[in-house]
Student: 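Below are the structure tokens for one structure; questions will follow.
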Amino acid sequence: MNYSISVQQDDFDTAAEYQAMRDSGPGTGAIATFTGLVRDSGDLQGVNGLFLEHYPGMTEQVIESLIAEAAGRWDVRKARVVHRVGELALCDQIVFVGVCSAHRGDAFAACAFIMDALKTSAPFWKKELSGSSEHWVEQKASDLARHPGVLKP
Amino acid sequence: MSEDHTLTVRFFARLREELNTESLTLPIQPDTTAGQLLTELARRGGAWAQLTGAQPVMIAVNQTMAKPDTPIGPGDEVAFFPPVTGG
């Protein structure tokens with residue numbers, strides 16, 4: 001299994017990411033990808049941007065451990081995570097997760113697991129920007145229900 | 001060397017803003033835990049009191065998730081931050 005992780009300010013190109021996943025070998029029969037975008041409502045209404053902060057070093061280590069966990073549970077031939085940080089505008093891309101597997105079930109499941117676990121485990125924090133107001137997003141019970149997170153108080 | 005007797009404390013997101021502090025270098029006593037450090041910092045009062053308040057504070061020691069009873073020592077990097085909200 002090979003994988004790569006990028007935490008970056010720059011945007012990413014989903015077509016290029018997808019093409020890069022196609023070289024995972026002849027055993028790959030399925031590629032599942034997920035892309036998350038900045039939407040206009042969260043804790044606040046009328047959100048027109050986000051600020052994303054992370055803990056450099058620890059973030060990459062946590063994502064690496066989540067990919068390893070996914071590879072232990074499902075067939076994962078290649079995994080890719082890109083997460084942006086800094087100031088993002090409405091409709092901007094935030095996060096990309098891609099997984100190559102032999103079969104679609106594993107690809108879907110591993111991709112969903114990495115994404116769900118990332119939300120409650122990787123040290124990123126989102127601040128919503130709406131006009132002149134700012135609000136640090138609260139962790140959601142619905143996200144914790146999908147994955148309890150490795151980060152416990 | 002002073003480095004031998006200090007640790008680094010880092011704060012992120014809402015805590016970083018409300019404490020107006022990104023990082024601190026503090027002298028460290030022997031046999032200290034992350035929770036004791038948190039309590040000591042909360043005694044500074046004002047915004048610092050929230051470190052032991054109702055809102056959960058996550059702890060990492062050397063970039064690995066930790067608990068209040070995790071021992072800390074000279075040269076360690078201890079981080080305190082709110083529950084994570086990426087993705």
Student: Is there a path of hydrophobic side-chain contacts, each under 4.5 Å between heavy atoms of I, L, V, M, F, W or Y residues, that connects A/Val137 with B/Val57?
Tutor: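 They do not share one cluster, since no chain of ILVMFWY contacts under 4.5 Å joins A/Val137 to B/Val57.
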Student: Answer yes or no: is there a side-chain heavy-atom contact under 4.5 Å between B/Pro82 and A/Trp136?
Tutor: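 SC-SC contact between B/Pro82 and A/Trp136 ruled out.
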Student: Should we count CZ of A/Arg146 as having more than 12 external heavy atoms under 6.0 Å?
Tutor: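 No, CZ of A/Arg146 has 12 or fewer neighbouring heavy atoms, counting only those of other groups under 6.0 Å.
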Student: For residues B/Phe11 and B/Leu7: do they belong to one hydrophobic cluster (side chain heavy atoms under 4.5 Å, members Ile, Leu, Val, Met, Phe, Trp, Tyr)?
Tutor: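 Yes: a chain of side-chain contacts under 4.5 Å links B/Phe11 to B/Leu7.
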Student: What distance separates A/Met58 CE from B/Thr64 OG1, expressed to the nearest 0.5 Å?
Tutor: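 If we round to the nearest 0.5 Å, A/Met58:CE and B/Thr64:OG1 are 6.5 Å apart.
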Student: Counting only heavy atoms not in A/Asp23 (residues, nucleotides, ligands), do more than 12 fall under 6.0 Å from its CG?
Tutor: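 Yes.
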Student: Does A/Tyr18 share a hydrophobic cluster with A/Ile94, counting links as ILVMFWY side-chain heavy atoms below 4.5 Å and allowing steps through other members?
Tutor: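 No; tracing contacts between hydrophobic side chains, which count when under 4.5 Å, never links both residues.
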Student: Does atom CZ of B/Arg44 have more than 12 heavy-atom neighbours from other groups under 6.0 Å away?
Tutor: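 More than 12 within 6.0 Å, yes.
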Student: Give the interface residues of residues 33-57 of chain A toward chain B, defined by a heavy-atom separation under 4.5 Å.
Tutor: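 Within residues 33-57 of chain A, the residues under 4.5 Å from chain B are A/Phe51, A/Glu53, A/His54, A/Tyr55, A/Pro56, A/Gly57.
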Student: What residues of residues 19-26 of chain B sit under 4.5 Å from chain A when only non-hydrogen atoms are counted?
Tutor: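 So far as heavy atoms go, nothing in residues 19-26 of chain B approaches chain A to under 4.5 Å.
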Student: Mark yes when over 12 heavy atoms from residues, nucleotides or ligands other than A/Phe108 sit less than 6.0 Å from its CZ; otherwise mark no.
Tutor: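 No, because the 6.0 Å sphere around CZ of A/Phe108 holds 12 heavy atoms or fewer from other groups.
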Student: Quick one, B/Val84 and A/Trp125 - any side-chain contact, counting heavy atoms below 4.5 Å?
Tutor: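 They are in side-chain contact.
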Student: How about B/Arg14 and A/Lys127: do any of their side-chain heavy atoms sit closer than 4.5 Å?
Tutor: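 When only atoms from C-beta onward are counted, A/Lys127 and B/Arg14 do not touch, as no gap falls below 4.5 Å.
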Student: Drop me the distance from A/Glu138's CD to B/Gln55's CD, to the nearest 0.5 angstrom.
Tutor: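 It is 6.0 Å, given to the nearest 0.5 Å.
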Student: Hydrophobic cluster membership, with links at side-chain heavy-atom distances under 4.5 Å among I/L/V/M/F/W/Y: are A/Met21 and A/Tyr3 in one?
Tutor: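 No, it is not one cluster - the side chains of A/Met21 and A/Tyr3 are not joined through contacts under 4.5 Å.
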Student: Count I, L, V, M, F, W, Y as connected when their side-chain heavy atoms are under 4.5 Å apart, and connections chain through other members. Are B/Met65 and A/Ile5 then in the same cluster?
Tutor: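 Yes, because B/Met65 and A/Ile5 connect within a single hydrophobic cluster, where side-chain heavy atoms sit under 4.5 Å apart.
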